[in-house]
*Asks:* 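Before I ask anything, let me first share the structure, which is written out below as structure tokens.
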Amino acid sequence: MTELINGLYREGEPVKDTKAPGGPIEQRWTKRKFEAKLVNPANRRKLTVIMVGTGLAGGAAAATLGEAGYNVKVFCYQDSPRRAHSIAAQGGINAAKNYKEDGDSTFRLFYDTVKGGDYRARENNVYRLAEVSANIIDQCVAQGVPFARDYGGLLDNRSFGGVQVSRTFYARGQTGQQLLIGAYQALERQVKGPDNTTGTVEMFSRHEMVELIVVDGRARGIIARDMVTGEVETHLADAVVLATGGYGNVFFLSTNAMGCNGTAIWRAHRKGAYFGNPCFTQIHPTCIPVHGDQQSKLTLMSESLRNDGRIWVPKRAEDCDKDPRQIAEEDRDYYLERIYPAFGNLVPRDIASRQAKNMCDEGRGVGPEVLERDLDGNERRVRRGVYLDFADAIARLGKDAVSAKYGNLFDMYAEITGEDPYSTPMRIYPAVHYTMGGLWVDYDLQSSVPGLFVTGEANFSDHGANRLGASALMQGLSDGYFVLPNTIRDYLASGPYPAVDANHPAVVEAAENVRARLAHFLSSNGTRSVDSYHKELGAIMWEYCGMERSESGLKIAIEKIRELRKEFWSNLRVLGKADELNQSLEKAGRVADFLELGELMCIDALHRRESCGGHFRAESQTEDGEALRHDDQFCYVAAWEWGGENEAPVLHKEDLVYEFIELKQRSYK
């Protein structure tokens, strides 16, 4: 291990994914499935798996493992798995079925995803994702998911950013909801209850995982808090799977539901699970702009809108306060079509987001002015919005056709803004949406802690530095239905593992640490609320580690976060009691973890002195302002190890090797 680098971190031994087979890439997943050990049906009944999270990744995996005959304990903090945040996904799910006969293939989906991630994703994982994608659609159609169909009754497709083919299957603007209902139905078939006494799944709703139990180096259970009664419970198993989504709410304002948090993966990180690429966060270009300082979240407008909507700003700053319908065509700058003629409005999210920011920074943004502060603390008023205009599409297709494709999205926009998007262009601006970083996993989706598996957005594995639209649902269902059930059996085949008693010292210590932490929050008697700390952290993260990062800004952010965390632990005030429904107490634990995670994100962003995908360093850009990678220095996954309380984190590098795709600077022009 090296000495302290920049006073912030140490470098440890390299890490390697040893589970991925060699040989032709199109044969590797088949080879791994064959080589993975089997568990016979009688032995599955002796094995227990804990599943934390019930979105597409968790719900699909729990349903599949339960149907296979394993005992599954499922935990969600919502009152029902149907409320998992996967329900909020709008625009669609990718699959390489080539229904449009426009040149799509498994390899093209693989290529587009690696390129879209700015060559910072593993080839093995991405090819497997592309290969499995077609199976997902067949699975969901069999479940009754009402995908859109064309006039002849065949499944329809549309395009999304970063591609030139139509491979996105969709259910109007409610794709996530429909897919989640399919996974939920499959899960409910396995849940044990009065009407299903032979069920294999035990459901724990309104429960939050607050600690990971590691015994003899293996993940053997979790500590969960019953969010209704406040009871701290111990749950033990042969393996633990985390499917808890992303950590975008570290920014406070994001498109995520307010309940989304990073606690499960962060507690696992503190117990030894490496954290991969924490600074890789996605800014979505198509969101309703901030309208005040009392908002708790932002609203996503599906990327699918960019199929038919055209994005523009006035050419002249003096036109920015005009009614957009009064601005002549020749006075409009359709800047994405101008800068990126090959892809136009369907460039990837990171590029569309940065260009929207550039237009507003030039003084050509639209909508009300908002108050901002620069790195030196100077106040400024800037218009943060661009137009998404459907006038051409309505003229070409007719209002009814546009409504059939996007009607619920238009209704949502009108409900929130009070404006009619059929007659007036929508106003949009980028917002935090998805996190490409997450716990480091190998090809089997197993973390650096044996017995701890991580799926969906909670792991880092498939998207590199930027996720292409409609790929989140693809990864969640791929991991849940097809990947994890085939890889976790290789680990479970060595079980059942020796029984762990609730009185085991490691179990008792984990539970006592949780109770001590809760007691501290309730006894602090400070002057500030949890939300006030969360908002301040979010402002720091957005300003210094958001759409653009710089060395000086990230160093400021790290110091500010450390100061804020110190105050948090001494001046927090949480009302209520531990043994009751107490949302402030829930938030306190989550924000405590966000404060530590936020610092690691800034350290990771500072150490990666290149621009790639959603990580844009001001010091590393081409002459025309595009992201500039440095493959000779940073072509690796940054896998961070917890260094200990108040100790520096340790960086382990996993080199990225490209055998099938040529490394080159991205271009969508």
Side-chain angles (χ1 to χ4, degrees), residues 17 19-34 92-140 154-170 342-343 346-351 436 443 445 460-479 481-483 486-487 612-613 629 631 635 637 655-669:
D17 175 16
K19 301 287 181 61
I25 196 166
E26 64 272 12
Q27 297 176 13
R28 291 181 180 181
W29 176 227
T30 300
K31 184 178 180 182
R32 179 60 190 141
K33 286 190 289 184
F34 179 76
I93 177 171
N94 289 330
K97 279 186 169 287
N98 195 30
Y99 281 176
K100 295 291 186 181
E101 292 291 344
D102 55 1
D104 201 10
S105 64
T106 296
F107 197 91
R108 190 173 296 280
L109 174 52
F110 162 57
Y111 173 82
D112 287 344
T113 304
V114 172
K115 177 184 176 183
D118 218 348
Y119 303 91
R120 290 295 177 262
R122 283 188 190 141
E123 281 190 330
N124 287 322
N125 291 69
V126 177
Y127 191 89
R128 176 175 64 187
L129 177 66
E131 181 181 348
V132 167
S133 66
N135 298 339
I136 297 171
I137 304 304
D138 296 339
Q139 168 89 6
C140 295
L154 301 177
L155 295 179
D156 198 12
N157 294 115
R158 57 191 179 198
S159 295
F160 259 61
V163 304
Q164 292 175 304
V165 298
S166 296
R167 65 163 65 103
T168 304
F169 295 78
Y170 64 98
F343 283 76
L346 288 174
V347 292
R349 292 173 175 179
D350 58 316
I351 291 174
M436 284 76 67
Y443 193 64
L445 304 185
F460 88 100
S461 65
D462 289 10
H463 305 296
N466 174 63
R467 177 176 68 77
L468 292 182
S471 288
L473 304 184
M474 179 173 60
Q475 187 204 351
L477 291 179
S478 167
D479 285 358
Y481 284 133
F482 300 106
V483 179
N486 279 298
T487 59
C612 54
R629 296 195 323 271
D631 295 333
C635 193
V637 175
D655 289 336
L656 291 168
V657 179
Y658 290 94
E659 302 176 72
F660 303 95
I661 291 180
E662 179 188 358
L663 271 171
K664 55 186 177 183
Q665 288 295 326
R666 270 195 317 172
S667 174
Y668 291 93
K669 294 185 175 182

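Any value given below was found using the heavy atoms of this structure, including those in side chains, with hydrogens, waters and symmetry copies removed.
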*Asks:* Check whether any side-chain heavy atom of Y119 sits under 4.5 Å from a side-chain heavy atom of L656, and report yes or no.
*Replies:*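 No. Closest side-chain heavy atoms not under 4.5 Å.
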*Asks:* Can you sort out the partners of N135 under side-chain contact (heavy atoms from CB on, under 4.5 Å), two or more places apart, ordered by chain and number?
*Replies:*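 Counting only residues at least two positions away or on another chain, N135 forms a side-chain contact (heavy atoms from CB on, under 4.5 Å) with F482.
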*Asks:* Have N157 and T168 got a donor and an acceptor in their side chains that come within less than 3.5 Å?
*Replies:*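 Side chains of N157 and T168: no pair found under 3.5 Å.
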*Asks:* Donor-acceptor pair, distance only, cut-off 3.5 Å: does the side chain of R108 make one with the backbone of G103?
*Replies:*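 It does hold such a pair.
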*Asks:* Nearest 0.5 Å, please: how far is CZ in R28 from CD in E131?
*Replies:*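 The CD atom of E131 sits 11.5 Å away from the CZ atom of R28.
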*Asks:* Please determine whether salt bridge (Lys or Arg N to Asp or Glu O under 4.0 Å) holds for the pair D138 and K97, giving the CA-CA distance in whole Å, both sets of side-chain angles, and the decisive distance to 0.1 Å.
*Replies:* CA-CA 10 Å; D138 296 339; K97 279 186 169 287; 3.0 Å; yes
*Asks:* I would like to know whether Y658 and V114 meet side chain to side chain contact (heavy atoms under 4.5 Å, CB included); could you show each step before the answer?
*Replies:* CA-CA 10 Å; Y658 290 94; V114 172; 3.7 Å; yes
*Asks:* For a salt bridge (Lys or Arg N to Asp or Glu O under 4.0 Å) check, start with the C-alpha distance between R467 and D350, then their side-chain angles and the critical distance, and finish with the verdict.
*Replies:* CA-CA 9 Å; R467 177 176 68 77; D350 58 316; over 6 Å; no
*Asks:* Apply side chain to side chain contact (heavy atoms under 4.5 Å, CB included) to C635 and L663, showing your working.
*Replies:* CA-CA 10 Å; C635 193; L663 271 171; 4.1 Å; yes
*Asks:* Take atom CZ in R158; do more than 12 heavy atoms of anything else shown fall under 6.0 Å from it?
*Replies:*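 Yes, the 6.0 Å shell around CZ holds more than 12 heavy atoms from other groups.
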*Asks:* If you compare all heavy atoms of D118 against all heavy atoms of G613, which two are closest, and at what distance to 0.1 Å?
*Replies:*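 For D118 and G613, the tightest heavy-atom pair comes out as OD2-N, 2.8 Å.
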*Asks:* Hey, does the side chain of R666 reach the backbone of G116 with a donor-acceptor pair shorter than 3.5 angstrom?
*Replies:*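 Between the backbone of G116 and the side chain of R666 there is a qualifying donor-acceptor contact (under 3.5 Å).
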*Asks:* So, for D112 and L468, which heavy atoms are closest and what is the spacing to 0.1 Å?
*Replies:*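 Looking at all heavy atoms of both residues, the shortest contact is O-CD1, 3.2 Å.
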*Asks:* Tell me every residue that passes side-chain contact (heavy atoms from CB on, under 4.5 Å) with K33, counting only those two or more places apart in sequence or in another chain.
*Replies:*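 So K33 forms a side-chain contact (heavy atoms from CB on, under 4.5 Å) with W29, N486, R489.
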*Asks:* Is any NZ, NE, NH1 or NH2 atom of the basic residue among K664 and D631 found under 4.0 Å from an Asp or Glu carboxylate oxygen of the other?
*Replies:*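 Looking at K664 and D631, the cut-off is not met.
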*Asks:* Answer yes or no: is there a side-chain heavy-atom contact under 4.5 Å between K100 and V165?
*Replies:*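 With C-beta onward as the side chain, the pair stays apart.
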*Asks:* Using side-chain heavy atoms (C-beta onward) and a distance below 4.5 Å, is Q665 in contact with R629?
*Replies:*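 Of all side-chain heavy-atom pairs linking R629 with Q665, at least one is under 4.5 Å.
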*Asks:* Please check if the side chain of S478 supplies one atom and the backbone of L129 the other of a donor-acceptor pair under 3.5 Å.
*Replies:*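 No; judged by distance alone, with no hydrogens or angles, the pair does not exist.
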*Asks:* Using a 4.5 Å cut-off on heavy atoms from C-beta on, say whether the side chain of I25 contacts that of F110.
*Replies:*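 Result yes, sub-4.5 Å side-chain heavy-atom pair found.
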*Asks:* Is any side-chain heavy atom of L109 closer than 4.5 Å to a side-chain heavy atom of M474?
*Replies:*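 In short, these two side chains touch, coming nearer than 4.5 Å.
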*Asks:* Tell me if the centroids of the rings in Y99 and F169 come within less than 6.0 Å of each other.
*Replies:*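 Yes: the rings meet the under 6.0 Å criterion.
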*Asks:* Any idea which heavy atoms bring M436 and G464 closest together, and the distance?
*Replies:*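 Closest heavy-atom pair between M436 and G464: CB-O, 3.2 Å.
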*Asks:* If every non-hydrogen atom of N466 is compared with every non-hydrogen atom of P348, which pair is closest and at what distance?
*Replies:*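 Shortest heavy-atom separation between N466 and P348 comes out as ND2-CB, 3.8 Å.
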*Asks:* Provide the closest heavy-atom pair for Q475 versus H463 in the form atom of the first, atom of the second, distance.
*Replies:*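 Nearest pair, atom of Q475 first, then H463: OE1-NE2, 2.8 Å.
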*Asks:* Might you work through the side chain to side chain contact (heavy atoms under 4.5 Å, CB included) test for Y668 and K115, ending with a clear yes or no?
*Replies:* CA-CA 10 Å; Y668 291 93; K115 177 184 176 183; 3.6 Å; yes
*Asks:* Specify the closest pair of heavy atoms between R120 and C612, including all atoms of both residues, with the distance to one decimal.
*Replies:*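 That closest heavy-atom pairing would be CG-SG, 4.1 Å.
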*Asks:* Do S133 and N94 touch side chain to side chain, with heavy atoms closer than 4.5 Å?
*Replies:*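 Not touching, per the 4.5 Å side-chain cut-off.
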*Asks:* Could you go through the side chain to side chain contact (heavy atoms under 4.5 Å, CB included) check for R167 and F160 one step at a time?
*Replies:* CA-CA 8 Å; R167 65 163 65 103; F160 259 61; over 6 Å; no
*Asks:* Has the side chain of Q139 got a donor or acceptor atom that lies under 3.5 Å from a matching backbone atom of Y481?
*Replies:*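 No, the answer is negative, given that no donor and acceptor are paired below the 3.5 Å cut-off.
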*Asks:* Rounded at 0.5 Å granularity, tell me how far OG1 in T487 sits from CG in L445.
*Replies:*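 Going from OG1 on T487 over to CG on L445, the span is 5.0 Å.
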